[in-house]
Amino acid sequence: KNVFIMGFVPAASGSQAVVVLLCRVCVDTVPALKDMDWELSSWQPLIQDRQLLPWLLSVPAPSLQARARQIGPAQMTRLEDLWKRKPTASFSDLYKKHTDGEDGDEDAELELTPTEQQYEDGFHYQNILAPLVKMEADYDRQMKESLTEESIAVDWDVSLAGKWIARFSFHRMTAESRVVVGDELRLKLGPGAEFLNQGKPWEGVGYVKSILDGQVELELRSTGNTNNKNGKTSSSSNTSDGNNASATAPSGSVPQNIREDYVVEYIWKSTSYDRMQNALKTFAIDDTSVTGYIYHKVLGHSVEEQRIATAKVPATVAEFAVPGLPPLNESQRLAVAAVLQRPLSLIQGPPGTGKTVTSATLVYHLTKQGMGQVLVTAPSNVAVDQLTEKIAATGLRVVRLASKT
């Protein structure tokens, strides 16, 4: 996939030159290649002097070069993303607003309607917002599924719960930054590793348990084992001193003897976006799903401003202070005071302006209002974990809710 690491080696000697195309990583990491009749020490890249070798790709004719156009990195990225959905797409397709979607074309883009400041009712709101959610889901899926990484080195271990643990690092910082704790990944053998596994494929699926210093820890929940002649799965676990490990042996086996040349694929889940669409549907068909004030406020209708008369708002800087958290600045204190007095609020701010600390401070003061427990939600597991840590630092009793996975 990356032409800059591709090269070639002589495959045989004779009057007719024969070469084999190999990536630089494979030459270094797949020992089985050294046993073949290839001169790996003579490996040379396919790109020289900022162009592909002439015997691989001829120089375009002057007439074709005259039609060429220069494009920037952003346009390259958009075109590559478009090729994943439509391999025959051209540069001009980047600027098509939408397609007609004839012949059942599932990749046809939705025609988007601009958002408005006011909506007639819940159905009007859903009709405009639902396509936006769909577009965001499609983009997220393309981004996540493009995180496939090859030639990954894996270290195997067994957890105390008796599950296989795979530890590895991504080659690209982009992939590492987009994978978070709780994501589901597929781990399988690359071509070289499959060759070492007697030509048998293997793959396992698991969830990211932790990411520490760039190293991903993947806990497998299912594995595909084809190592045994009878096709049955088996595994064992021993400590380095020969004694049985305290953890029970996992039910499925993994190719422990193979460390190099794995492929990591992202498994995209539509759960979050399905919930958004269901919420929009509920909001449209049931105007009692939220309070009347919130219903009309979301639709942009003119409603009488409401205040919580019993709100206990800190009066001094010292009263705003919360144990275990840094003090708030003036704008943060004003935000907390405003939220405590209103049934619906929105706090906005660029990264690094202390929104997490402000939120934790707000939760602390909400618990002092005598209105019961406080439910805190966030769009990702990482965001919830960060809020949990900040809120717990205040001394409040925090219960972290999560799915079984």
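All values below come from the heavy atoms of this structure, side chains included, with hydrogens, waters and symmetry mates left out.
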The residue among Thr358, Ile391, Thr394 that forms side chain to side chain contact (heavy atoms under 4.5 Å, CB included) with Leu325 is Thr394
Taken in chain and number order and not counting sequence neighbours, the residues that satisfy side-chain contact (heavy atoms from CB on, under 4.5 Å) with Val290 are Phe283, Ile294, Tyr295
Measure the shortest side-chain to side-chain distance between Leu189 and Pro255 over non-hydrogen atoms and say whether it is less than 4.5 angstrom.
yes
**Asked** Quick check, are the ring centers of Phe8 and Trp55 under 6.0 angstrom apart?
**Response** yes
Apply side-chain contact (heavy atoms from CB on, under 4.5 Å) to residues Gln126 and Gln277 and explain how you reach the verdict.
CA-CA 8 Å; Gln126 181 196 22; Gln277 297 287 12; 5.7 Å; no
- Query: Quick one: does Leu21's side chain get under 4.5 Å of Leu46's, heavy atoms only?
  - Reply: yes
**Report entry** Sidechain-backbone polar pair: Gln117 side chain, Gly300 backbone, donor-acceptor under 3.5 Å
**Finding:** no
* Are Tyr125 and Glu120 close enough, and set up right, to give a side-chain contact (heavy atoms from CB on, under 4.5 Å), and what steps lead you there? -> CA-CA 8 Å; Tyr125 186 80; Glu120 297 176 5; over 6 Å; no
Minimal heavy-atom distance between Val398 and Thr388, with the atoms involved, is CG1-CG2, 3.8 Å
Kindly indicate whether the side chain of Pro191, heavy atoms from C-beta on, has any atom under 4.5 Å from the side chain of Asp261. yes
#### Entry: Non-hydrogen side-chain atoms of Glu194 and Lys200 separated by less than 4.5 Å
no
Checklist entry - So do the side chains of Ser169 and Val216 get within less than 4.5 Å of each other, counting heavy atoms only? => result no
task: May I ask you to check whether Asp183 and Tyr207 show a side-chain donor-acceptor distance below 3.5 Å?
output: no
Count the heavy atoms belonging to other residues, nucleotides or ligands that lie under 6.0 Å from CD of Gln373, then report whether that count exceeds 12.
-> no
Rounding to 0.5 Å, atoms CD (Glu389) and OG1 (Thr356) come to a distance of 10.5 Å
Report task. Please check if the side chain of Tyr119 supplies one atom and the backbone of Thr115 the other of a donor-acceptor pair under 3.5 Å. Result -> no
**Asked** Would you find more than 12 non-hydrogen atoms of other residues, nucleotides or ligands less than 6.0 Å from Lys281 atom NZ?
**Response** no
side-chain contact (heavy atoms from CB on, under 4.5 Å) between Lys86 and Trp83, worked out: CA-CA 5 Å; Lys86 197 173 182 180; Trp83 282 336; over 6 Å; no
Note: Leu220 and Val254 closest approach over all heavy atoms is CD1-CG1, 4.0 Å
Might you work through the side chain to side chain donor-acceptor pair (under 3.5 Å) test for Asp286 and Thr282, ending with a clear yes or no? CA-CA 6 Å; Asp286 184 8; Thr282 301; over 6 Å; no
Do the side chain of His365 and the main chain of Phe320 share a donor and acceptor less than 3.5 angstrom apart? yes
ask   = Aromatic rings His301 and His296: how do their planes relate, parallel, tilted or perpendicular, breaks at 30° and 60°?
value = tilted
- Heavy-atom count around Arg275 CZ within 6.0 Å, excluding the residue itself: above 12? no
Q | Heavy atoms from other residues, nucleotides or ligands near CE of Met143 exceed 12 (cutoff 6.0 Å) | A | yes
Taking every heavy atom of Ile308 against every heavy atom of Pro343, the minimum-distance pair comes out as CD1-N, 4.3 Å
What one should report as the nearest heavy-atom pair of Val384 and Ala378 is CG2-CB, 3.6 Å
dist Glu203:CD -> Leu187:CG (nearest 0.5 Å) comes out at 9.5 Å
Nearest heavy-atom contact between Val264 and Phe168 is CG2-CE1, 3.9 Å
Taken in chain and number order and not counting sequence neighbours, the residues that satisfy side chain to side chain donor-acceptor pair (under 3.5 Å) with Lys188 are Glu265
Heavy atoms of Leu79 and Ser90 approach each other most closely as CD1-O, 3.7 Å
* Asked: Taking atom types as modelled and ignoring hydrogens, do the side chains of Asn197 and Trp202 form a donor-acceptor contact shorter than 3.5 angstrom?
  -> no
Q.
Just so I know, are the side chains of Leu280 and Val133 near enough to count as touching, which here means a heavy-atom distance under 4.5 Å?
A. yes
Could you tabulate the donor-acceptor pairs under 3.5 Å formed by side-chain atoms of residues 331-342, not counting sequence neighbours?
from	atom 1	to	atom 2	distance (Å)
Ser331	OG	Asn329	OD1	2.9
Gln332	OE1	Asn329	N	2.9
Gln332	NE2	Thr353	O	2.9
Arg333	NH1	Leu328	O	2.8
Gln341	OE1	Arg307	NH1	3.4
Gln341	NE2	Ala337	O	2.9
Arg342	NH1	Ala338	O	3.3

Subject >> Donor-acceptor under 3.5 Å (Ser159 side chain, Lys163 main chain) >> reply: yes
### Message
Counting C-beta onward and ignoring hydrogens, is there a side-chain heavy-atom pair between Arg259 and Asp155 closer than 4.5 Å?
### Response
yes
Rounding to 0.5 Å, atoms CH2 (Trp268) and CD (Gln142) come to a distance of 10.0 Å
One should read off an interatomic distance between Lys297 NZ and Leu299 CG, to the nearest 0.5 angstrom, of 12.0 Å
Review point. Within the side chain of Gln369, is there an N or O that forms a donor-acceptor pair under 3.5 Å with the backbone of Lys312?
Key: yes
d(Tyr273 OH, Asn278 CG) to nearest 0.5 Å is 15.0 Å
> Are Ile285 and Phe123 close enough, and set up right, to give a side-chain contact (heavy atoms from CB on, under 4.5 Å), and what steps lead you there?
Replying inline: CA-CA 7 Å; Ile285 64 178; Phe123 287 101; 3.9 Å; yes
Output for pair (Leu387 CG, Lys355 NZ), nearest 0.5 Å, gives 11.0 Å
query: Taking C-beta and beyond as the side chain, do Ile165 and Glu217 meet within less than 4.5 Å on heavy atoms?
result: yes
